[in-house]
Number of protein chains: 2
Amino acid sequence: MARRLFYTRGFDNTSLNDLAREAAVPKGNFYYHFPSKDDVLRAVIEARRVHIESTLASWAEDYPEPRTRLKRFIAMIVSERDDLVSYGCPTGSLLTELGKKRDDLQPYALSILNLYVDFAASAFRELGHPVDAARTMALRLLGRAQGAILIAHAYGDLTILDNEIANLDLSLDALERAPGHPAI
Amino acid sequence: MARRLFYTRGFDNTSLNDLAREAAVPKGNFYYHFPSKDDVLRAVIEARRVHIESTLASWAEDYPEPRTRLKRFIAMIVSERDDLVSYGCPTGSLLTELGKKRDDLQPYALSILNLYVDFAASAFRELGHPVDAARTMALRLLGRAQGAILIAHAYGDLTILDNEIANLDLSLDALERAPGHPAI
DNA sequence: GTCTATATTATGATAGAC
DNA sequence: GTCTATCATAATATAGAC
């Protein structure tokens, strides 16, 4: 699938030949379905956006307690730990790649990050934090996750990721004990 | 200079034509000085490594107090804020780019990250933390900086970076007040 | 709709005159 | 050592038969 190749190799490093080989079709076929390679990425991102949106919506149903919901986000990172250490964060690395020389595509990747930021910000809102503080805390949570993944990926070290994610989890606990305090 | 182009455009997105135009020499000349484009990057990284190493050494001289030294690191991020928001972290984005498809070059980028990790770890050691905890805290500090820069770069928002770096600074203060506690 | 060419362009890298 | 070609390759994209 195209998503996997874009993730593991990066967008620019994935050629239409790679995509065609993986899909077992001649590469010329792509241009019947997509006007350009960029549109393949846009379609991949859009499909991903829909998928993540429904995942977050199901979390909102299954975990009405905002702290539990935020912990579910942490649990997702843990469940993806192998890929995250091997290839980095799909969203973070795409944002970083598109941030250089492809500002036109960058907003599409940003729409994925926004899903998570809005998800976390609304949880912090429910915990009683003002809207501005909630967004700041959401950005901090996402940033810490991104940083942990980046470092763990750089060293190819699972234990670094486990350590940092456990610490993030502890920060959520501390937050629980000190409501009203933007402590994450 | 090659370093600036590799930083702002990424390694792969910088062609020899770009390098030649910037240096105002024909691109064929590069192959008199370097066996390949990869070697240009290696030379850039090596020069950077030497430069950073001497900077960190001068900090060690100027700031014998480890907490002050760590704060100097934070101050460096603040002083680079415009570029960091516009192009991301040079080390972090290079690590991310090389982590996909260029595992052969990745160790060179990692040598830069290691400089900062060792710098921070030795400061935490001097603060009395055991060697393992000191390294964990160093990785956490670097990770939080990377995450803050990545998010701020994704949104192109200086205030996000300022916010997060101020919060990192606060974490260093809190650490100061609770020695022996791996709290960063 | 699906496939086999092929066009076009950009890249990293070389050859060889001076 | 420096320059002007030029090669070889790989990429995105198109044309056109079936």
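Labels below follow one simple rule: chain letters A, B, ... track the order of the sequence lines, proteins then strands, and each chain is numbered from 1.
Each of A:Asn17 and A:Pro35 was assigned the nucleotide of DNA chain D with the nearest heavy atom; the assignment lying further toward the 5' end belongs to A:Asn17. Residues A:Pro26 and B:Ser15 both approach DNA chain C. Their nearest nucleotides, taken by heavy-atom distance, put A:Pro26 toward the 5′ side.
Rounded to an integer number of Å, the gap from A:Lys101 NZ to C:dA10 P is 11 Å. For the pair B:Tyr32 OH and C:dA15 P, the interatomic distance rounds to 16 Å; values are reported in whole Å. Computed from coordinates, the A:Asp12 CG to C:dA10 C1' distance equals 12 Å when rounded to whole Å. The nearest whole Å value for the distance from the NZ atom in A:Lys27 to the C1' atom in C:dA5 is 11 Å. Regarding B:Lys37, its NZ atom lies at a distance of 15 Å from the P atom of C:dT14, rounded to whole Å. As rounded to whole Å, 10 Å separates atom P of C:dT11 from atom CG of B:Asn13.
At least one donor-acceptor pair closer than 3.5 Å links the side chain of A:Ser79 to the backbone N or O of A:Met76. At distances below 3.5 Å, not a single donor-acceptor pair connects side-chain atoms of B:Thr91 with backbone N or O atoms of B:Ile112.
In this structure, B:Tyr87 and B:Tyr7 have perpendicular ring planes: the angle between them is above 60°, well past the 30° mark.
Taking the 5' to 3' direction, DNA chain D first and last meets chain B under 4.0 angstrom from a heavy atom at D:dG1 to D:dT4.
An OP1 or OP2 oxygen of C:dT14 is reached within less than 4.0 angstrom by no side-chain nitrogen or oxygen of B:Tyr31.
When the shell of 6.0 Å around OH of A:Tyr108 is examined, it contains 12 or fewer heavy atoms from other residues, nucleotides or ligands.
Looking at residues two or more places apart in sequence or on another chain, you find a ring-ring contact (aromatic ring centres under 6.0 Å, His included) between B:Phe11 and B:Phe6.
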Please report the C-alpha distance between A:Asn167 and A:Arg144 in whole Å, then the side-chain angles of each, then the deciding distance to 0.1 Å, and finally whether the side-chain hydrogen bond (donor to acceptor under 3.5 Å, both in side chains) criterion is met. CA-CA 10 Å; A:Asn167 183 268; A:Arg144 287 189 59 176; 2.6 Å; yes

